[in-house]
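Every heavy atom of this structure was used, including side-chain atoms; hydrogens, water molecules and symmetry mates were not.
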Amino acid sequence: MKKIINYFKSWGMDKWAHFGIGGLICALSTLIFLFTLNPIPVSWGLLFAFIPGTVLVGILSVIKEFTDSTGFSLPDIVAALIGCATVEIAMIIAIILGLLSV
């Protein structure tokens with residue numbers, strides 16, 4: 001646990017920006033994907049609805065890092081994906097609770 005806390009303590013503003021923007025893009029793209037399912041199916045298959053958002057954040061992060069003037073930074077990509085994961089975990093929990101309440 002101490003390693004995890006120290007890892008996040010070492011983050012500068014740049015990593016936190018990647019974390020936040022990654023989470024935002026992931027949340028928006030996942031919500032768009034879910035709302036295009038008409039009607040939204042009530043099934044355990046919804047647990048895989050996070051995949052498009054995660055893939056999009058990964059692709060955009062890699063493209064951004066390859067075109068960035070400061071050079072390629074794998075920790076920036078990891079920060080964006082961790083931001084995405086926090087949003088997706090919340091969505092998965094909400095989907096599970098919704099399915100269990102039906």
Side-chain angles (χ1 to χ4, degrees):
M1 185 66 157
K2 196 171 188 176
K3 280 185 173 184
I4 295 171
I5 292 171
N6 288 336
Y7 178 74
F8 288 111
K9 279 185 180 179
S10 68
W11 278 16
M13 190 58 194
D14 179 58
K15 300 295 178 282
W16 286 110
H18 282 275
F19 176 86
I21 298 299
L24 178 66
I25 292 170
C26 199
L28 292 175
S29 59
T30 301
L31 286 173
I32 289 168
F33 176 75
L34 283 174
F35 288 137
T36 58
L37 302 174
N38 191 10
I40 296 177
V42 180
S43 71
W44 291 98
L46 280 177
L47 293 176
F48 298 103
F50 70 91
I51 293 173
T54 305
V55 170
L56 179 64
V57 169
I59 290 170
L60 291 177
S61 295
V62 170
I63 290 170
K64 188 260 180 204
E65 290 305 317
F66 276 123
T67 60
D68 195 1
S69 62
T70 60
F72 187 84
S73 174
L74 185 60
D76 286 353
I77 296 171
V78 171
L81 289 173
I82 291 173
C84 182
T86 57
V87 170
E88 300 301 6
I89 289 169
M91 287 187 179
I92 289 171
I93 290 170
I95 289 168
I96 289 172
L97 291 175
L99 289 170
L100 293 176
S101 69
V102 172

Q: Say you draw a straight line from SG of Cys84 to CD1 of Ile21; how long is it, rounded to the nearest 0.5 Å?
A: 13.0 Å

Q: Side-chain contact, heavy-atom cut-off 4.5 Å: Phe50 with Ile95?
A: no

Q: Atom CG in Leu74, atom OG in Ser61: separation rounded to 0.5 Å?
A: 10.5 Å

Q: Is there a path of hydrophobic side-chain contacts, each under 4.5 Å between heavy atoms, that joins Ile92 and Leu28?
A: no

Q: Quick one: pull up CD1 in Ile63 and OG1 in Thr67 and give me the separation to the nearest 0.5 Å.
A: 8.0 Å

Q: Do Met13 and Val78 sit in one hydrophobic cluster, given that two such residues count as connected whenever their side-chain heavy atoms are within less than 4.5 Å of each other, even indirectly?
A: no

Q: Classify the ring geometry of Phe66 against Phe72: parallel below 30°, tilted from 30° to 60°, perpendicular beyond 60°.
A: tilted

Q: Quick one: closest heavy-atom pair of Glu65 and Gly71, and the distance?
A: OE1-O, 3.5 Å

Q: Looking only at heavy atoms, what is the nearest atom pair of Ser29 and Gly53, with distance?
A: OG-CA, 3.2 Å

Q: Under 3.5 Å, is there a donor-acceptor pair between the side chain of Thr30 and the main chain of Ala27?
A: no

Q: Of all heavy-atom pairs between Leu81 and Thr54, which one has the smallest distance, and what is that distance?
A: CD2-O, 4.0 Å

Q: Is there side-chain contact between Cys26 and Glu88, with at least one heavy-atom pair below 4.5 Å?
A: yes

Q: Given the rule that I, L, V, M, F, W and Y join up when any side-chain heavy atoms are under 4.5 Å apart, are Leu24 and Trp11 in one cluster?
A: no

Q: Roughly how far, to the nearest 0.5 Å, is the CG atom of Leu56 from the CD1 atom of Ile25?
A: 6.5 Å

